[in-house]
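Worth saying up front: this structure is predicted, and the values here are computed from it rather than measured. Chain identifiers are assigned alphabetically (A, B, ...) following the order of the sequence lines, protein sequences preceding nucleic acid strands; residue numbering begins at 1 within each chain. Below, all heavy atoms of this structure are taken into account, side chains as well, without hydrogens, waters or symmetry copies.
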2 protein chains.
Amino acid sequence: MGATKTEHFTNKQNEMAILAKALGHPARIAIVEYLIKVNSCICGDIVNELPLAQPTVSQHLKELKNAGLIKGSIEGNAICYCIDEKAIEKLQNYFGNISTKLTDKKNKCC
Amino acid sequence: MGATKTEHFTNKQNEMAILAKALGHPARIAIVEYLIKVNSCICGDIVNELPLAQPTVSQHLKELKNAGLIKGSIEGNAICYCIDEKAIEKLQNYFGNISTKLTDKKNKCC
DNA sequence: ATTTAATATTGCAATATTACGATTAAAATT
DNA sequence: AATTTTAATCGTAATATTGCAATATTAAAT
């Protein structure tokens, strides 16, 4: 026990859970927000923006990358990071869809 | 170490991270989707829908409730669960906002 | 009052996450 | 070539999560 039983859920469910989980930490939310704020790809500079040690930030970046939320490309001795818009789109569609379904119905039982 | 350093991030960042984290597990995604699918509040019945033991489901429900994603009210000897629309709205707004900011900019450096 | 049904809680083992110091790797600069 | 810069990786401690059997709780039904 201890490990998530992904095999019992649909691909879509696992995919959304992976994206959500990646954003389930304030540092990773902060990284994504910073990438949006600077409005471009960032080469270096991310570590200085966060109140965490360099290896910790590196680890968070890796998780965001594994989840497909950011892309990173080597740019000399720095790394260029930016948001992967497709992932954000998926999240937006997902919650937009849920929102629509919720407002469609009118049975207020709670 | 091992605990998230929430104190270094903004309230909003922590709030979004809590919501995302709650959805960062396929079982909890499945619960939310089920609540939407049946299109009403559900009294009982959730445990049978999931491929997990009753205590595990109960725990996932508790986490969704703590994060503010679902509401539960006692209804006889069953519990009536439903989505808290405000939380979904927050998520939709958040990702909608990010999406807008991303499509606004045109600097494709990646 | 007993039994039944639905859900929560407890306790625990397995695993995952978070954080960081130390180290390494790779490229730019001197 | 030696140094500096930037970021990844390793190792490890602290903590959190996942999952479930056993048990408790609560209210309805008998």
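- Remark: P of C:dT18 and CG of B:Asn14 are 13 Å apart, rounded to the nearest angstrom.
- Along DNA chain D, the nucleotide closest to A:Ile79 and the one closest to A:Lys5 are compared, and the more 5′ of them pairs with A:Ile79.
- With sequence neighbours excluded, no residue forms a side-chain contact (heavy atoms from CB on, under 4.5 Å) with B:Lys21.
- Taking a 4.0 Å limit (strictly below) on heavy-atom distances, residues 23-33 of chain A reaches DNA chain C at A:His25, A:Arg28.
- A:Asn66 pairs by the side chain to side chain donor-acceptor pair (under 3.5 Å) definition with nothing, not counting sequence neighbours.
- As rounded to whole Å, 12 Å separates atom C1' of D:dG19 from atom NE2 of A:His8.
- Near DNA chain C, defined here as any heavy-atom distance below 4.0 Å, the residues from residues 47-57 of chain B are B:Gln54, B:Pro55, listed numerically.
- Protein atom CD1 of A:Ile18 is 14 Å distant from nucleotide atom C1' of C:dA16, rounded to whole Å.
- Within residues 58-67 of chain A, the residues approaching DNA chain D are A:Ser58, A:Lys62, by heavy-atom distance under 4.0 Å.
- Residue pairs satisfying the salt bridge (charged side-chain N to carboxylate O under 4.0 Å, His left out) criterion with at least one member in residues 34-44 of chain B, sequence neighbours excluded, are absent.
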Kindly list each side-chain donor-acceptor pair under 3.5 angstrom involving residues 46-62 of chain B, sequence neighbours excluded, with atom names and distances?
unit_1, atom_1, unit_2, atom_2, d
B:His60, ND1, B:Arg28, NH1, 2.9

Which donor-acceptor pairs under 3.5 Å do the side chains of residues 2-13 of chain A make with protein atoms, sequence neighbours left out?
unit_1, atom_1, unit_2, atom_2, d
A:Thr4, OG1, B:His25, NE2, 3.4
A:Thr10, OG1, A:Gln13, N, 3.0
A:Thr10, OG1, A:Gln13, OE1, 3.3
A:Gln13, OE1, A:Thr10, N, 3.1
A:Gln13, NE2, B:Glu33, OE1, 2.9

Practice problem: Output, in order, the C-alpha distance, side-chain angles, deciding distance and verdict of side chain to side chain contact (heavy atoms under 4.5 Å, CB included) for A:Phe95 and B:Leu19. | Solution: CA-CA 12 Å; A:Phe95 293 114; B:Leu19 285 176; over 6 Å; no
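- Partners of A:Ile88 under the side-chain contact (heavy atoms from CB on, under 4.5 Å) rule, at least two apart in sequence or in another chain, are A:Leu69, A:Ile83, B:Ile98, B:Ser99, B:Leu102.
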